[in-house]
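Below, all heavy atoms of this structure are taken into account, side chains as well, without hydrogens, waters or symmetry copies.
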Amino acid sequence: MEGAVEPRVAVVTGAGAGLGRAEALALARTGASVVVNDVSDTARGVVDEIESAGGKALLVTGDVGERATADALVEAAVEHFGGLHVVVNNAGVLRDRMIFSMSDEEWDTVIRVHLRGHFLLSRNATAYWRTWSKATGRPVPARLISTASEAFLVGSAGQPNYAAAKAGIVGLTVAIARGAARYGVRANAICPRARTAMTAEVFGDAPDQGVDPLSVEHVAPLVAYLAAERADRINGQVFVVHGGMVALLRPPAVERRFDTAGPLWTDKELDSTVGAYFDERDPEAMFAATEILELP
């Protein structure tokens with residue numbers, strides 16, 4: 001394929017359309033063989049696109065929340081293409097509802113597909129990479145890209161299940177970055193803002209003219225870059241990406257420390273220290289990065 005530089009093997013979940021499709025095509029353009037995953041055969045069109053451009057791709061259908069799908073994806077990469085270098089966890093669903101109206105099923109479905117789905121494939125991939133590293137006695141060029149969301153950063157009120165899942169994905173990703181770095185694994189998360197079928201009701205239709213600032217094509221290049229061997233120095237990071245912009249997030253910081261004057265806190269002392277501090281603080285300032293929404 002045009003611009004092919006890295007003959008690697010990648011797995012992309014939720015790659016039948018939208019962001020996952022763009023990511024799979026971007027990876028294929030770098031020369032990667034791509035295992036394309038989605039829940040239905042409609043993703044075969046992405047395989048056809050890659051192959052018609054001279055690349056290599058394989059369709060593996062299945063629900064990422066099921067262990068069998070994670071097993072099949074790693075097995076397909078290794079047996080069909082000879083190895084596995086890159087995993088892009090992208091598959092997801094929405095079941096938006098306010099917390100007081102949310103059903104058990106709406107909560108469980110989103111947590112299962114997003115958080116459990118990220119866990120299952122990440123666990124299988126890192127186990128493969130660890131074995132590979134131990135067999136060769138050196139770090140391996142492995143890359144894991146997780147898909148978080150600005151919903152976790154701002155505490156999206158109408159998406160408590162989605163916000164919780166995406167927060168969990170960031171925690172999972174950083175834990176992987178720390179725990180698997182010695183084997184060569186580099187794990188990072190992106191918070192993409194893109195116009196897809198899943199966000200159609202949020203972002204509406206694309207503009208009639210000019211470049212769509214919410215096109216998935218603004219996100220795919222970052223994913224392809226993070227998947228590359230030359231991105232070895234980037235690990236355990238979270239990026240917001242959209243409209244030609246990549247923003248690196250700073251980790252949470254301690255705002256204020258409170259210490260008891262005695263051996264144990266009393267209710268009165270807590271009120272006069274912790275409570276008093278909030279008397280002068282903006283009541284709208286929560287543990288949320290709402291300034292993210294102001295990024296152009």
Side-chain angles (χ1 to χ4, degrees), residues 3-15 19-20 22-34 77 83-90 92 114-115 118-119 121-130 132-133 136 138-150 152-153 166-194 216-253 289 292 295:
V5 293
E6 290 188 88
R8 291 152 68 76
V9 181
V11 170
V12 182
T13 67
L19 185 55
E23 293 166 338
L25 293 174
L27 287 166
R29 284 193 291 270
T30 72
S33 300
V34 184
L84 175 62
H85 305 84
V86 178
V87 165
V88 180
N89 284 308
N90 169 74
H114 288 274
L115 188 52
H118 271 63
F119 157 69
L121 183 53
S122 298
R123 187 265 312 279
N124 285 18
T126 52
Y128 171 79
W129 291 328
R130 179 173 179 266
W132 178 14
S133 176
T136 59
R138 60 179 183 271
V140 299
R143 304 288 180 264
L144 177 72
I145 297 100
S146 303
T147 306
S149 168
E150 292 168 283
F152 106 88
L153 295 168
K166 293 306 188 180
I169 285 169
V170 169
L172 172 65
T173 304
V174 175
I176 293 170
R178 291 183 178 276
R182 72 185 74 178
Y183 306 114
V185 179
R186 301 293 180 260
N188 296 285
I190 62 169
C191 298
R193 191 184 300 177
V216 294
E217 300 303 328
H218 292 299
V219 179
L222 176 62
V223 172
Y225 175 71
L226 293 174
E229 290 191 48
R230 62 188 177 280
D232 185 69
R233 61 196 180 279
I234 306 173
N235 192 36
Q237 306 301 322
V238 180
F239 299 92
V240 173
V241 53
H242 65 265
M245 178 217 71
V246 173
L248 173 64
L249 298 188
R250 180 182 292 120
I292 292 293
L295 287 171

Backbone of Tyr183 reached by a side-chain donor or acceptor of Trp132 within 3.5 Å: no
Please report the interatomic distance CZ(Arg143) to CG(Asn188), rounded to the nearest 0.5 Å. 9.0 Å
Results of side-chain hydrogen bond (donor to acceptor under 3.5 Å, both in side chains) for Ser146 - residues two or more places apart only: Thr173
Residues in side-chain contact (heavy atoms from CB on, under 4.5 Å) contact with Ala167, at least two apart in sequence or another chain: Phe152
Tell me whether Arg186 contacts the main-chain N or O of Ile234 through its side chain, where contact means a donor paired with an acceptor under 3.5 Å. no
Would you confirm whether Ser33, through its side chain, and Val9, through its main-chain N or O, come within 3.5 Å as a donor-acceptor pair? no
Is atom CZ of Arg130 surrounded by more than 12 heavy atoms (other residues, nucleotides or ligands) closer than 6.0 Å? no
Do you know which two heavy atoms are closest between Ala125 and Val87, and how far apart they sit? CB-CG2, 3.7 Å
Quick one: does any side-chain atom of His85 pair with a main-chain N or O of Val140 as donor and acceptor, under 3.5 Å? no
Heavy-atom distance under 4.5 Å between the side chains of Leu249 and Ile292, does that happen here? yes
How long is the span from the NE2 atom in His118 to the OG1 atom in Thr13, to the nearest 0.5 Å? 6.5 Å
Closest heavy-atom pair and its distance - Gly168, Leu115: C-CD1, 3.6 Å
With rounding to the nearest 0.5 Å, note down the distance linking CG in Leu25 to OG1 in Thr30. 11.5 Å
Are any side-chain N or O atoms of Arg29 and backbone N or O atoms of Ala224, one a donor and one an acceptor, separated by less than 3.5 Å? no
Would you say the side chain of Val86 lies within less than 4.5 Å of the side chain of Ile145, judging by non-hydrogen atoms? yes
Can you list the residues that meet the side-chain contact (heavy atoms from CB on, under 4.5 Å) rule with Ser122, with sequence neighbours excluded? Asn89, Leu144, Ile176
When you measure from the side chain of His242 to the backbone N and O of Pro192, does any donor-acceptor pair fall under 3.5 Å? no
Considering all heavy atoms, the nearest Ala77-Leu84 contact: CB-CD1, 4.0 Å
Closer than 3.5 angstrom, by distance alone: can the side chain of Ser149 be matched with the main-chain N or O of Cys191 as a donor-acceptor pair? no
How many angstroms lie between OG1 in Thr126 and CG in Leu121, if you round to the nearest 0.5 Å? 9.0 Å
Could you list the residues that satisfy side-chain contact (heavy atoms from CB on, under 4.5 Å) with Arg178, not counting sequence neighbours? Val174
Within the 4.5 Å heavy-atom criterion, are Val223 and Val12 side-chain neighbours or not? no
At what distance, to the nearest 0.5 angstrom, does CG of Leu19 lie from CD of Glu217? 9.5 Å
Quick one: side-chain contact (heavy atoms from CB on, under 4.5 Å) partners of Ala247, sequence neighbours excluded? Val240, Met245, Leu295
State which residues pass side-chain hydrogen bond (donor to acceptor under 3.5 Å, both in side chains) with Arg233; sequence neighbours excluded, sorted by chain then number. Tyr225
